[in-house]
Amino acid sequence: MRTNIYLDIDGVLIAKGQRPANYVNEFLRKVLVEHPDTTFWLTTRCNDNASVPMHQIGHLFETDVQELMKNIKATPWKTSKTNGIDFSMPFLWFDDNLFHDEKRTLVERGVLDSWIEVNLIKDPNTLAKFINSFPIPSGRY
Ligand SMILES: [Mg+2]
């Protein structure tokens with residue numbers, strides 16, 4: 001099944017102090033080998049230019065992962081990140097924090113389960129669990 005993957009950066013791939021999150025290289029390899037054509041940035045660091053996050057944070061990742069990350073596409077969005085999501089497709093959205101209106105949109109569309117909460121403060125190794133057990137989108141499409 002084709003699944004769109006949306007990735008936030010800060011608090012998900014990057015921990016406090018601009019350090020790469022634990023297991024982030026393994027996580028990105030998993031995501032980008034399995035979903036090379038359907039992975040998108042969904043972050044304040046990137047609106048319509050996917051090279052911006054790579055310039056800012058690309059150097060923090062291992063070399064082969066940097067190559068894979070060049071496949072991540074931009075997601076144009078304004079105001080709410082949910083404006084950048086294609087709701088006609090199954091998706092997973094890795095983010096540490098949703099605003100009220102973003103959460104409400106997911107609830108209204110019956111796809112709150114597609115938000116995969118990453119909380120590096122509570123569990124710095126959060127990304128490790130997705131490597132062996134990658135989430136599957138549920139909800140209505
Ligand atoms: Mg964030």
Colleague: If you look at every heavy atom in Met54 and Met69, which pair is closest and at what distance?
Modeller: SD-CB, 3.6 Å

Colleague: I need the minimum non-hydrogen distance between Ser51 and Asn49, along with the two atoms involved.
Modeller: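 Taking every non-hydrogen atom into account, OG-OD1, 2.7 Å.
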
Colleague: Can you spot which of Trp77, Trp115, Trp93, Phe40 makes a ring pair (Phe, Tyr, Trp, His ring centres under 6.0 Å) with Tyr6?
Modeller: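 Running ring pair (Phe, Tyr, Trp, His ring centres under 6.0 Å) over Trp77, Trp115, Trp93, Phe40 with Tyr6 returns exactly one hit, Phe40.
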
Colleague: When rounded to the nearest 0.5 angstrom, what is the spacing between CZ in Arg109 and OG1 in Thr82?
Modeller: 8.5 Å

Colleague: Under the side chain to side chain contact (heavy atoms under 4.5 Å, CB included) criterion, do Leu7 and Ile72 qualify, and how do the steps go?
Modeller: CA-CA 9 Å; Leu7 297 177; Ile72 304 177; 4.2 Å; yes

Colleague: Looking at NZ of Lys73 and CG of Asp37, how far apart are the two atoms once the value is rounded to the nearest 0.5 Å?
Modeller: 5.0 Å

Colleague: The test is side chain to side chain contact (heavy atoms under 4.5 Å, CB included); show your working for Val65 and Arg29 and say whether it passes.
Modeller: CA-CA 6 Å; Val65 175; Arg29 272 185 208 108; 3.8 Å; yes

Colleague: Please tabulate, for the side chains in residues 124-133, all donor-acceptor contacts under 3.5 angstrom to protein atoms that are two or more places apart in sequence or on a different chain.
Modeller:
residue : atom : partner : partner atom : Å
Asn125  : OD1  : Asn22   : ND2          : 2.8
Thr126  : OG1  : Asn119  : O            : 3.3
Thr126  : OG1  : Asp123  : O            : 2.5

Colleague: Check ring-ring contact (aromatic ring centres under 6.0 Å, His included) between Phe99 and all other residues, then give those that pass, not counting sequence neighbours.
Modeller: none

Colleague: List for me each residue that meets side-chain contact (heavy atoms from CB on, under 4.5 Å) alongside Glu34, sequence neighbours excluded, and say none if there are none.
Modeller: Lys30

Colleague: If you measure from NZ on Lys122 to CG on Asp96, what distance do you get to the nearest 0.5 Å?
Modeller: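 Atom-to-atom, Lys122:NZ and Asp96:CG are 12.0 Å apart.
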
Colleague: Walk me through it: do Leu112 and Lys103 pass the test side chain to side chain contact (heavy atoms under 4.5 Å, CB included)?
Modeller: CA-CA 7 Å; Leu112 184 60; Lys103 196 166 196 170; 4.0 Å; yes

Colleague: Mind checking what makes salt bridge (Lys or Arg N to Asp or Glu O under 4.0 Å) contact with Lys70, not counting sequence neighbours?
Modeller: Glu67

Colleague: Using every non-hydrogen atom in the two residues, find where Gly11 and Val118 come nearest and quote the distance to one decimal.
Modeller: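 What the structure gives for the nearest pair is O-CG1, 3.7 Å.
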
Colleague: Do NZ/NE/NH1/NH2 and the carboxylate oxygens of Asp8 and Lys81 come within less than 4.0 Å?
Modeller: yes

Colleague: If you compare all heavy atoms of His59 against all heavy atoms of Gln56, which two are closest, and at what distance to 0.1 Å?
Modeller: CE1-O, 3.2 Å

Colleague: Applying side-chain hydrogen bond (donor to acceptor under 3.5 Å, both in side chains), can you list everything that pairs with Trp41, at least two apart in sequence or on another chain?
Modeller: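 Checked Trp41 against side-chain hydrogen bond (donor to acceptor under 3.5 Å, both in side chains); zero matches.
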
Colleague: Any sub-3.5 Å donor-acceptor pair from Glu62's side-chain atoms to Asn25's backbone N or O?
Modeller: no

Colleague: With sequence neighbours excluded, tell me which residues meet salt bridge (Lys or Arg N to Asp or Glu O under 4.0 Å) with Asp10.
Modeller: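 With neighbours one apart ignored, the set is Arg45.
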
Colleague: Are Phe134 and His35 close enough that their ring centres sit under 6.0 Å apart?
Modeller: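 When the ring centroids of Phe134 and His35 are compared, they turn out to be within the sub-6.0 Å range.
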
